[in-house]
Every structure is written in structure tokens, then in C-alpha cells.
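Data first, discussion second: the structure below is written as C-alpha cells.
A, B, ... follow the sequence lines: proteins, then strands. Residue 1 opens every chain.
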Protein chains: 2
Amino acid sequence: MEKKNSGTVGVKEIARLANVSIGTVDRVLNNRVGVSEKTKAKILKIIKELDYQPNIFARRLASKKKLRFATLIPKVSEETTYWEAPLHGIRQAANEIKDFGVEVISFFFDQNDKSTFKDSATKIIAGQFDGVLMAPMFEDESAVFIKTCNENKIPLVFINSDMPGYNNLCYIGPNLYQSGYLSAHIVNYLSPADKKTLIVNISKEIDLHHHLLRKEEGFRNYFEENGAINQISKIDIQQTSYAHIQQKLSEQLSKSSYDVVFVTNSRVSTVAKYFEEHQIKGVKLIGYDFLEDNILHLKNKTIDFLICQKPQEQGYRGVMSLYDHLVLNTPIEKEQFMPIDIITRENYQYYSN
Amino acid sequence: MEKKNSGTVGVKEIARLANVSIGTVDRVLNNRVGVSEKTKAKILKIIKELDYQPNIFARRLASKKKLRFATLIPKVSEETTYWEAPLHGIRQAANEIKDFGVEVISFFFDQNDKSTFKDSATKIIAGQFDGVLMAPMFEDESAVFIKTCNENKIPLVFINSDMPGYNNLCYIGPNLYQSGYLSAHIVNYLSPADKKTLIVNISKEIDLHHHLLRKEEGFRNYFEENGAINQISKIDIQQTSYAHIQQKLSEQLSKSSYDVVFVTNSRVSTVAKYFEEHQIKGVKLIGYDFLEDNILHLKNKTIDFLICQKPQEQGYRGVMSLYDHLVLNTPIEKEQFMPIDIITRENYQYYSN
DNA sequence: AAACATTTCGTTAACGTACACGATATATGA
DNA sequence: TCATATATCGTGTACGTTAACGAAATGTTT
């Protein structure tokens with residue numbers, strides 16, 4: 001009858017209904033100490049009944065609480081600019097939530113130097129952060145770091161590559177197997193019907209190599225499952241210098257000629273460079289990632305397709321997941337697979353990372 | 001000396017520096033009447049010097065001002081469920097900004113009945129809204145509506161299809177020409193090298209037909225510009241019933257056989273249905289939009305590729321643009337082209353509209 | 001110059017929450 | 001029993017902005 005709450009219910013209304021002061025209501029809301037179990041239950045009941053939603057504006061205005069997130073990803077190197085995009089996404093998210101009292105600090109490591117990973121990890125532990133986003137590239141080192149975070153009850157999100165079996169808040173990144181599978185499908189559409197395909201893995205660190213194998217697996221399985229006739233060769237290149245890649249490719253291509261070359265990561269631009277310098281034409285080239293170098297060769301028509309998985313959004317959603325979890329208390333999806341985008345020279349200009 | 005402002009500057013600090021009260025500062029901030037030009041200039045100068053950013057939380061807490069947006073898009077019909085997605089995006093945005101005091105009300109019209117468009121438009125004008133999002137499908141009727149909005153200084157955003165030459169806040173949607181061009185590129189990759197292609201336009205209203213022609217133009221121009229040999233036929237179907245489409249397709253396919261069929265809109269599922277019922281195999285089929293029916297045929301392997309342009313995001317970004325403009329005062333990009341996404345049976349499960 | 005209208009400006013109470021502080025009530029110890 | 005510690009709770013102020021209200025200054029009309 002006398003329900004005259006003018007649209008919004010607040011602590012005041014709750015306090016009135018529970019015959020307590022707003023201070024007490026505030027205590028149970030922020031589950032602080034100093035309130036008896038009995039009244040706590042009573043207030044909780046009313047809160048649930050009213051479906052009370054705290055006013056985030058009033059909360060932010062009155063609160064001086066601050067959260068601090070750390071991010072740990074590879075630094076952008078001369079070898080690849082891939083990690084610019086996730087960093088950009090991280091910064092974008094950081095900018096959006098800085099008014100809500102959270103500060104994001106970025107740490108980096110060298111993909112070719114595990115010790116730099118450990119150094120940054122140590123700094124993060126010492127820094128007493130409230131949440132961490134990381135790219136778990138080195139298995140052993142990451143495992144140690146994850147364990148420490150778990151002990152300190154620091155929520156962790158993984159981006160770009162997963163580490164199944166560990167206790168993390170969520171994973172945001174590609175489904176590697178499926179992206180290889182898709183690549184195979186595209187290859188399958190390319191003429192001629194009976195193709196000779198070369199898979200090229202270029203990666204120095206053995207830990208990273210691991211991910212490439214998942215893509216290769218998806219790639220091969222497509223042809224098996226679809227009974228398509230196809231001859232697949234493969235070459236592993238464990239030195240990332242152009243000279244070395246050049247030599248390896250020359251060796252391989254002297255043995256046989258191919259209709260399609262599938263490079264399992266963003267290093268595809270190096271292969272494209274080789275093709276151009278050696279005047280190799282008519283070979284379809286497929287690779288990964290929306291990088292400036294790659295796009296250049298896409299325009300050149302040396303590269304035919306690029307697969308991309310929204311690296312920027314990975315960074316963005318990664319810190320947003322921490323925010324949603326820690327501030328908004330919303331449930332987080334454990335595995336967030338990125339779309340598998342196909343980039344050609346007709347649609348790259350509209351692509352958003 | 002007594003500068004004790006802890007980090008943030010607010011109206012209080014501005015008022016102190018300008019030797020006025022916070023009330024006066026508030027007046028110039030919200031450019032209300034009742035303040036002399038002289039003091040207004042003085043305050044404005046200080047605001048600029050301090051690079052004052054109002055606290056959005058305090059603002060929202062104290063303000064009871066409300067904004068109202070109207071959206072005007074086709075209703076979802078039995079013919080096509082395409083417009084579910086934009087509506088979903090609109091609702092998502094509405095939900096995100098409702099705490100910021102903006103209410104979004106959706107109006108609809110029937111794509112096959114211009115009078116319903118006029119009815120809804122009239123209601124919107126009568127409703128005194130602060131911003132409008134619309135899909136300007138009917139040229140003449142839209143022009144009238146746009147004119148009225150302009151006179152009332154109501155910002156307008158267009159989604160899904162543009163009306164160049166009119167005064168709108170922004171356009172959010174596909175670049176139709178380019179998406180046709182991309183489709184042609186995909187077709188060009190499909191074996192055999194010398195293909196016979198059929199373009200299928202299915203649309204009742206002549207106004208809508210217009211958009212399909214842009215895609216067709218892009219499609220044709222690809223082959224011209226790239227000097228690829230290709231025989232392109234075309235068929236216009238102006239009745240959307242299955243019986244009629246079936247008849248038209250049968251006529252066309254009896255005259256000649258084709259390697260590739262390109263349907264210029266989401267009606268591609270109807271053609272797929274025809275293919276299945278008539279046991280037509282080996283014809284590559286390309287069409288538009290991530291609709292349940294289409295995906296079904298994609299899985300069936302009847303449809304080979306779908307082009308999609310993030311309809312949900314169009315709705316989302318549409319109302320967000322109004323919000324950014326009206327509330328945050330941020331500059332808005334006039335033309336926001338959506339990415340041109342390629343959907344296959346390998347990546348559809350990860351697609352986000 | 002009185003009376004009134006208008007412009008310009010200051011004061012103050014909200015908005016809903018956080019949190020320090022102080023006030024009770026209850027439990028514990030001697 | 002009294003005193004002291006502890007658990008429980010209420011009060012008040014602050015956060016930065018909005019907007020209603022009214023005061024003061026200025027302008028206008030007789």
C-alpha cells in the first residue's frame with residue numbers, strides 16, 4: 001500500500017524496512033565486520049526482495065578505493081609488431097575504466113628470453129596487484145607464476161594462448177585448431193583441384209612452436225575428414241633471420257614446386273618477401289595476422305588470405321573481464337574464443353582488430 | 001599556499017578562482033541563461049586553463065535530466081529475421097546507457113508497406129525525442145522525415161543503408177559496393193578458372209532494390225578491373241514467395257547451367273532450399289547475412305560463403321553515437337563502415353554479429 | 001524618485017553511497 | 001559488583017554536481 005519508493009530504492013529504503021540505520025546496511029553491503037548474524041540476514045533478505053542495485057555513480061563518487069591491474073605480454077620487437085594490437089586494446093580498456101578507480105600497469109617480456117618473463121613476473125608479485133592479465137607463452141615459467149597468483153588469490157586472465165588445467169579466471173583468444181581447419185577449407189577452394197601444399201612453421205622458441213602445431217593439426221585434419229586429395233609437405237624453420245629462412249625455403253622449393261603455401265603465423269610476410277625477390281608467381285599464400293607488413297603483401301597480391309583473430313579485442317576484453325569480475329561482480333565466461341576473420345585485399349580496409 | 005585541492009579540480013575551485021559562486025559556474029557549464037557576458041568569459045577562460053573535466057558520476061547523481069531516443073527500423077517479419085540483430089544491438093546499448101538517464105524507445109515499420117513507415121515517423125515527431133536512429137529504406141518518405149527532424153534540430157543517425165546528401169549525424173553500415181567487390185574476389189578463387197556466374201536479386205520494393213544494385217556493381221567491376229574472364233548473367237525476382245522464386249529459378253537454370261550463384265541479399269537461403277529440393281549439386285552459392293536459415297544451409301554445404309556486416313553492432317553503435325554526441329559531446333565519425341566478414345562453415349560458430 | 005521588471009548572482013538542499021567516529025549494548029574479567 | 005574489552009549499531013560529513021529559491025544589482029517606466 002504505502003510503497004511510495006519513487007523509482008529507485010537505496011540504502012535508506014532498505015534501512016527503513018529493516019529498522020536499522022543506513023550505516024548498518026552499508027556494512028552488510030560491503031560485507032564488513034560489525035553486524036550481528038541476525039540483522040545481517042534480515043537486511044540481506046530485504047535486499048534480495050527489493051532486488052537492490054547500488055547506484056554506481058553515488059558509489060564511485062563517495063569511494064576512494066582503487067584497484068590495480070597488471071598486464072604481462074611480449075614487448076613489440078623488430079621481429080614482429082603483433083603485440084602492438086593487444087597492448088592497444090589494453091590501453092583502450094584502461095582508459096575507459098580509469099574513472100572508475102582502476103589503474104592498469106603494463107609489464108613486458110622478450111619472447112626470446114625466458115629470464116625477462118621471470119623478472120617481470122617477480123615485479124608483479126611484489127607489486128601487490130588486484131588482478132593480472134597475461135600471455136602464458138612459456139609453460140614452466142608461467143606455471144610458477146600462476147601458482148603464486150593463485151596463492152595470493154589474484155585473479156588471472158590468459159590471452160592469445162591458453163594453458164588448460166590451470167586455475168584462471170578466463171581465456172580470451174583463438175581456437176587454434178579451428179583456425180587451421182578454416183585455412184584448409186580456403187585452400188581447398190583454391191584452384192587447381194589437386195594441389196600440392198606446403199606448411200611453413202617459423203618459430204625460435206620451442207614453447208611457441210607448440211601453438212603452431214595445433215594449427216597444423218587442424219589444417220591436416222580438414223583434408224582427412226573431408227576426404228580431399230591433397231599432398232601436404234611441411235618445413236620447420238627455427239631461425240627467424242631472413243637469411244636463414246631464405247636458405248630453408250630455397251632448399252625446399254628446389255625439391256618440389258607447390259600450389260599453396262600455408263604459413264602458420266604472422267611471419268608470412270617474410271615468405272612473401274622471398275617470393276617477390278625470387279619472382280615466384282602463381283603460388284597461393286596464406287598466413288596470419290593483420291600486420292602492416294602482411295597487409296602490404298596482401299595489396300601486392302603476393303599474399304592471398306590472412307587469418308586474424310582480433311588481437312586488440314583480446315587485450316581489451318582481457319582487462320574488461322578483470323573489471324567485470326572484480327568491480328561489477330558479473331560472472332565471466334571461462335573460454336572466450338575470438339572470431340576467425342578472413343582478410344583479403346577487398347576487405348582489409350574495413351577490418352577492425 | 002592554501003591550495004589543498006587533492007588532485008581534482010571541480011566547480012568549487014573554478015568558482016574560487018573566478019570570485020563567483022559555484023552556482024554561476026554551473027550556469028556557464030550547462031550554458032544556461034542568467035550570467036553576464038563578462039563573467040561568463042572569465043569563467044570559460046579558467047575552465048579552459050584548468051582543462052576542467054566534469055565528474056560524470058557527480059553529474060549523474062545530481063541530475064534528473066533525461067534523454068529520449070527513438071529508433072525506427074523494419075520489424076522482423078516471417079520473410080526475414082535480419083532485423084532481429086540490429087534490434088538486439090539497440091537493446092544492448094539501451095541497457096548500457098539507461099543508468100545514464102537515457103531512454104530508448106523502438107518504433108518499427110513494414111518493409112512492404114510505406115504507410116507504416118509514415119505512421120511511425122509521425123509518432124516519433126510527436127514524441128519530442130532528443131535523438132533518432134533510423135534505417136532510411138524508403139527514399140521519399142525518409143526525406144520528408146529527415147527534413148522535419150532537421151527543423152527540430154534532432155540529430156539523426158542512419159544504419160544499414162545510407163542516404164547521401166542529407167543532413168545526418170552519421171551513417172553506420174556496410175559499404176555495399178565493396179562487399180560486392182569482395183564477393184567477386186571469392187568467386188574468382190573458386191574453381192574452375194572459367195566460370196559461369198548468375199547474380200540473383202530478390203526484392204519486392206523497388207527502393208530496396210537500389211541497394212542490391214550497388215552490390216552488383218561492385219561484383220561486376222571486380223571482373224572488369226581484374227580482367228578476369230567470366231560470364232555473368234543476372235535475374236531479378238520481384239516476388240518473395242517461394243513458389244515464385246522457384247519458378248523464376250527453374251526458368252533461368254533451364255536456359256543454362258552455372259558454376260557460381262551470387263545472391264545479393266539474405267534471401268540466399270531460399271535459393272539454397274531450391275537447390276536442395278531440386279538436387280542441384282556442385283554449384284557454388286554465395287549470399288548475405290548470418291541468419292539461422294542461412295547458417296543451416298552453410299552447414300549443409302549448400303551455401304559456401306556468407307558475407308556479413310555486423311548488423312547487431314550497427315544497432316549498438318547507432319544509439320551509442322547518439323549518446324556520445326548528446327551526452328559526452330565527443331565528435332562523431334560521419335561514415336562508419338562495418339567490416340566485411342566472410343563466414344564459412346569453419347568459422348561461423350565463432351562469429352559475433 | 002518611487003515603483004516595478006529584469007538581469008545577475010549566491011545559498012542551499014538534494015542525489016545515494018562510503019567511511020570515520022562515537023554511542024550504545026553485550027560479553028568478559030576481576 | 002564494577003570495570004573494561006568487544007561486538008553492534010547510529011550519526012554525520014564528504015564526494016562533485018544540479019537546480020530551485022531568493023537576494024542583490026541593474027534597468028525601465030511612470
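- When the shell of 6.0 Å around NZ of Lys42(A) is examined, it contains more than 12 heavy atoms from other residues, nucleotides or ligands.
- Residue Ile22(B) is in base contact, counting any heavy-atom pair closer than 4.0 Å across all strands shown.
- Set against dC9(C), dC9(D), dT18(D), the side chain of Ser36(B) has dC9(C) as its closest nucleotide.
- Ring geometry for Tyr323(A) versus Phe100(A): interplanar angle over 60°, hence perpendicular rather than tilted (30 to 60°).
- Distances were taken from every side-chain heavy atom of Arg59(A) (C-beta onward) to each of dC15(D), dT17(C), dT18(D); the shortest belongs to dT17(C).
- Surrounding CD of Glu49(A) are more than 12 heavy atoms belonging to other residues, nucleotides or ligands, all under 6.0 Å away.
- At most 12 heavy atoms of other shown residues, nucleotides or ligands fall within 6.0 angstrom of atom NZ in Lys48(B).
- Of the candidates dA14(D), dC9(D), dC19(C), the closest approach to any side-chain atom of Arg32(A) belongs to dC19(C).
- Looking only at side-chain heavy atoms (C-beta outward), Phe117(B) and Leu72(B) come within less than 4.5 Å of each other.
- Side chain of Ser63(A), nearest nucleotide from dC19(C), dC9(C), dT18(D): dC19(C).
- Tyr52(A) and Glu13(A) are not linked by any side-chain donor-acceptor pair at a separation below 3.5 angstrom, with hydrogens and angles left out of the test.
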- Contact letters for nucleotides 21-28 of chain C, in which S counts primed atoms plus P, OP1 and OP2 and B counts the base, heavy atoms under 4.0 Å: --------
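- Side-chain proximity of Val35(B) to the nucleotides dA19(D), dC9(C), dA18(C) is greatest for dC9(C).
- Across all strands, Asn55(B) comes closer than 4.0 Å only to sugar-phosphate atoms, never to a base (heavy-atom distances).
- Considering only side-chain atoms of Ala58(A), the nucleotide from dG16(C), dT18(D), dC19(C) that sits closest is dG16(C).
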